[in-house]
Number of protein chains: 2
Amino acid sequence: MKKIYNPERNTWSEILKRPTQTVADIEGTVLDVFKEVKAEGNKAINRYTKKFDKVSLDSILISEEEIDKAKQLVSEELKEAIVLAKSNIEAFHAAQKTDRISVETTNGVSCWQEKRPIQKVGLYIPGGTAPLFSTILMLAVPANIAGCAEIVLCSPPDTEGKINPAILYTANLCGVTKIFKVGGIQAIAGMTFGTETIPQVYKIFGPGNQFVTVAKQLATKFGVAIDMPAGPSELLVVADDTANASFVASDLLSQAEHGKDSQVILVSTSKELISAVEKEVTSQCDVLPRKEIAEAAIANSKLIYVENDKEALELINEYGPEHFIVCVANQDYYIDNIMNAGSVFIGNYTPESAGDYASGTNHTLPTNGYAKQYSGVNLDSFMKSMTFQKISEEGIKRIGNAIEIMAEAEGLQAHKNAVTLRLNSL
Amino acid sequence: MKKIYNPERNTWSEILKRPTQTVADIEGTVLDVFKEVKAEGNKAINRYTKKFDKVSLDSILISEEEIDKAKQLVSEELKEAIVLAKSNIEAFHAAQKTDRISVETTNGVSCWQEKRPIQKVGLYIPGGTAPLFSTILMLAVPANIAGCAEIVLCSPPDTEGKINPAILYTANLCGVTKIFKVGGIQAIAGMTFGTETIPQVYKIFGPGNQFVTVAKQLATKFGVAIDMPAGPSELLVVADDTANASFVASDLLSQAEHGKDSQVILVSTSKELISAVEKEVTSQCDVLPRKEIAEAAIANSKLIYVENDKEALELINEYGPEHFIVCVANQDYYIDNIMNAGSVFIGNYTPESAGDYASGTNHTLPTNGYAKQYSGVNLDSFMKSMTFQKISEEGIKRIGNAIEIMAEAEGLQAHKNAVTLRLNSL
């Protein structure tokens, strides 16, 4: 871990720099798969499933039988945990529903804004050793509350042509309408263009490796929206002497185990805490199954000592962490003034893993400094706001002349005429 | 105008197809300008201003003197119109403020969502013959209500090094913090990287030609967000015998005068209305100053006859128009069931130009079918939502075990440890 004491402000951007992600070299591969899936549909999907996932499938659509089998394979204990998490996530996202906003801006000029669901959404869930069923909760639950009519899920099959039962159980529980055994670039291409069996969707959500990330970027060039730009996961903890060094270390490690490129930062006004956390990290890391990954991430992590809370806050706002844990006496100062963070975890009993699974907040959050301008996934991510206006004869009399003058000043005579004709008829 | 009667459903996608925008051939130019602005700052900005705008400037920052002069040059009549429009836009966007959403998802587990302003935003306003001061109202007014600390505006200078006074007057009125005489690709690059004088921003808004469009797309690869993907403006009118053919024609033409690539569609259950509108378009078009542009757009426009409202609605939802005018007896059917549209204009006295200027709704709207998944610009476009959670000792006891089980099932032992350590301490 790199310890940095009282860094000069002009060194902040260097200290807080994230490693550059270079993806350009795989763009060609991704574009090829897109072209083939667009032209050949399922035939190309199957070819790439065989190539990348090493399996040939008779059908890519998950059947009711497969769902039923999965339900039997998931332990009761895990089912109960998933149901509890789902209930909290539902409660928090259902509360995000907004009413129609209606304003009579001038007598006779009624304007309103309403949110309506995106009709078709696609969720991508990676495969591999860690089955991310928790991400299904985070995406399918709000999609359902929003009222999306079609919720498609793609996840890669293993070499036996199967998907982890916890993924199937959770997807079924959360109202996913169709589940496909398709992964990687071909899954994103399939949802972008549609195939004989995979529906074309309007927006694609979910994490993935760099191939999936580049494929999602490419999908935006073909009229599909995506949840947000992806980057390695991040955690910044601000802690002082009131924090528990052992808890802080466990949070840093839970971030570090995600990947060797995970970003882990501790900012503190206490040199004692920094030393204590450093020791705890070393001892806790030793017993982790994913020790090798965590060690690599921890090696790049930073412990930054600053003089006071003001300095700490400014540095944190400049970084814009995805996850931000606040374990300090003066917690309100950070809660009230943090401007750039994805999700904020407050106090000694709020580990980041609570938000990853079960507190109710969403774990799909902006990384790479995007907390400065992007929201994490929330109910609105599955809706779009539309505006309506209805103007009466009185209304057009009141605002018509202003429209005529402005349209004329912008050189748009037909815009003016549309009003003049109406005013002349009254 | 192309008249189409009772089109078969399998021909809809062909009929509703928008012309493909090809932009790849200018990506190289745009990338070059970006590289140079990043490396050289103002020096590169000035070089490109000389090259593209044919003018050399001592200073690109608009001075107080220039603002004062502009105020004198704008007519009182236009000022009053702008102030009236601003008041309506303010009323409608201020009403979009949302309260903190707070839920105790489980006893001891408090979650809340708050929106905070994007701190630095950039607005791009094109120059040329039509000074789009109305777009400043649509962007700077909500940016101010959101509380964005820095609102930067870039607009190209004319060959005398000046910006249209209506643009300067409106920008100043709406609280833009800095105005720069910089246009085109170099303006977008300047706001993306920052220069000695232009602040780096987190999100860029506003319309522009294809160079600006490609530059905004490229900006997203350098960590900047943009309002939405751009495309030619569109209008779809649904009208029946209760509509006024002359009004409908004037609305179609007000869309057509935007550009030769503007998309204009009339859908109707009345053959009589279709004939009447066609005649009105021809006679009204003749007297327009932008007749040549409007005629080109009208030549590609479509008049589509369908049997009934259900058919019409389905066709309209498949198209997803930017602007949607409803002039029918059964208007509630369309209002309640339209799923994909940017902004909806209802009744005979609600011309599209009302929303372009003064009703209060925003005129920066999704084109090219993006109404299926994107919102038009609204107050939230200038904010991001952040989540917070605070868990008590009781709270972690209640949800801790579920987190442990889920983390273990996902193979993330350190995530589990972060909870186990806390539970063991209680």
Side-chain angles (χ1 to χ4, degrees), chain A residues 77-78 81 84 88 91-92 95-96 101 103 105 109 111 116 118 129-130 202-203 225 250-251 253-254 257 288-289 339 343-344 346-347 349-351 353 357-361 372-373 375 378 384-385 387-391 393 396 399 402-403 405-406 409-411 413-415 417-418 421-422, chain B residues 77-78 81 84 88 91-92 95-96 101 103 105 109 111 116 118 129-130 202-203 225 250-251 253-254 257 288-289 339 343-344 346-347 349-351 353 357-361 372-373 375 378 384-385 387-391 393 396 399 402-403 405-406 409-411 413-415 417-418 421-422:
Chain A
E77 185 186 60
L78 181 55
L84 180 145
N88 286 351
F92 189 56
Q96 292 168 24
I101 289 158
V103 180
T105 56
V109 181
C111 298
R116 300 207 171 164
I118 298 173
T129 48
Y202 301 150
K203 189 170 182 179
S250 74
D251 292 327
L253 283 168
S254 75
E257 77 172 338
L288 288 179
M339 294 300 290
S343 194
V344 184
I346 302 153
Y349 289 93
T350 314
S353 44
Y357 292 108
S359 64
T361 61
K372 289 174 181 165
Q373 68 269 72
S375 307
N378 59 74
K384 67 262 177 183
S385 89
T387 54
F388 299 77
Q389 54 240 287
K390 191 171 181 176
I391 303 178
E393 298 182 11
I396 198 70
I399 68 169
I403 299 169
I405 292 164
M406 291 171 78
E410 287 194 352
Q413 191 66 35
H415 281 64
N417 284 359
L421 275 176
R422 284 162 166 101
Chain B
E77 185 187 59
L78 181 55
L84 179 145
N88 286 352
F92 188 57
Q96 292 167 23
I101 288 159
V103 180
T105 55
V109 181
C111 298
R116 300 207 170 164
I118 298 173
T129 47
Y202 301 150
K203 189 168 182 179
S250 74
D251 291 327
L253 284 167
S254 75
E257 77 171 340
L288 289 179
M339 294 302 289
S343 194
V344 184
I346 302 153
Y349 290 93
T350 314
S353 44
Y357 291 108
S359 64
T361 61
K372 289 174 181 165
Q373 68 268 73
S375 308
N378 59 75
K384 68 261 176 182
S385 88
T387 54
F388 299 77
Q389 55 242 285
K390 191 172 181 175
I391 303 178
E393 298 182 10
I396 197 72
I399 67 169
I403 299 169
I405 292 164
M406 292 172 78
E410 286 194 354
Q413 191 65 37
H415 281 65
N417 283 359
L421 275 176
R422 284 162 166 102

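Here is how names work: the chains are called A, B, and so on, in the same order as the sequence lines, proteins then strands, and each is numbered from 1.
Heavy-atom distances place both the backbone and the side chain of A:I405 under 4.5 Å from chain B. Of the two parts of B:L84, only the side chain, counted from C-beta on, holds a non-hydrogen atom closer than 4.5 Å to a non-hydrogen atom of chain A. For a residue to count as touching a neighbouring chain, one of its non-hydrogen atoms must lie under 4.5 Å from one of that chain's; by this rule A:N378 touches chain B with the side chain only.
Ranking B:I396, B:I403, B:I399, B:V109 against chain A, the residue ahead of the rest is B:I403, based on heavy-atom pairs under 4.5 Å. Taking chain A as the reference chain and counting heavy-atom pairs below 4.5 Å, the highest number among B:P289, B:S254, B:A358 is found for B:S254. Counting heavy-atom pairs under 4.5 Å between each of B:R116, B:K390, B:Q389 and chain A puts B:Q389 at the top. Between chain B and the residues A:C111, A:A91, A:A402, the largest count of heavy-atom pairs under 4.5 Å involves A:C111. When each of B:K372, B:E393, B:Q413 is checked for heavy-atom pairs under 4.5 Å with chain A, B:K372 comes out on top. No other option in B:A81, B:G360, B:S375 has as many heavy-atom pairs under 4.5 Å with chain A as B:S375.
Atom CE of residue B:M406 and atom CG of residue A:L78 lie 7.0 Å apart, to the nearest 0.5 angstrom. The distance from the CG atom of B:D251 to the NE2 atom of A:H415 is 9.5 Å, given to the nearest 0.5 Å.
With B:T105 contributing its side chain and A:S359 its backbone, the two residues share a donor-acceptor pair below 3.5 Å.
Minimum heavy-atom separation, B:A95 to A:V103: CB-CG2, 3.4 Å.
Taking 4.5 Å as the limit, every side-chain heavy atom of B:L253 sits out of range of all side-chain heavy atoms of B:E257. Using a 4.5 Å cut-off on side-chain heavy atoms (C-beta onward), B:K384 and B:I118 make contact. Two residues are said to be in side-chain contact when any heavy atoms from C-beta on lie closer than 4.5 Å; A:T361 and B:F388 fail this criterion.
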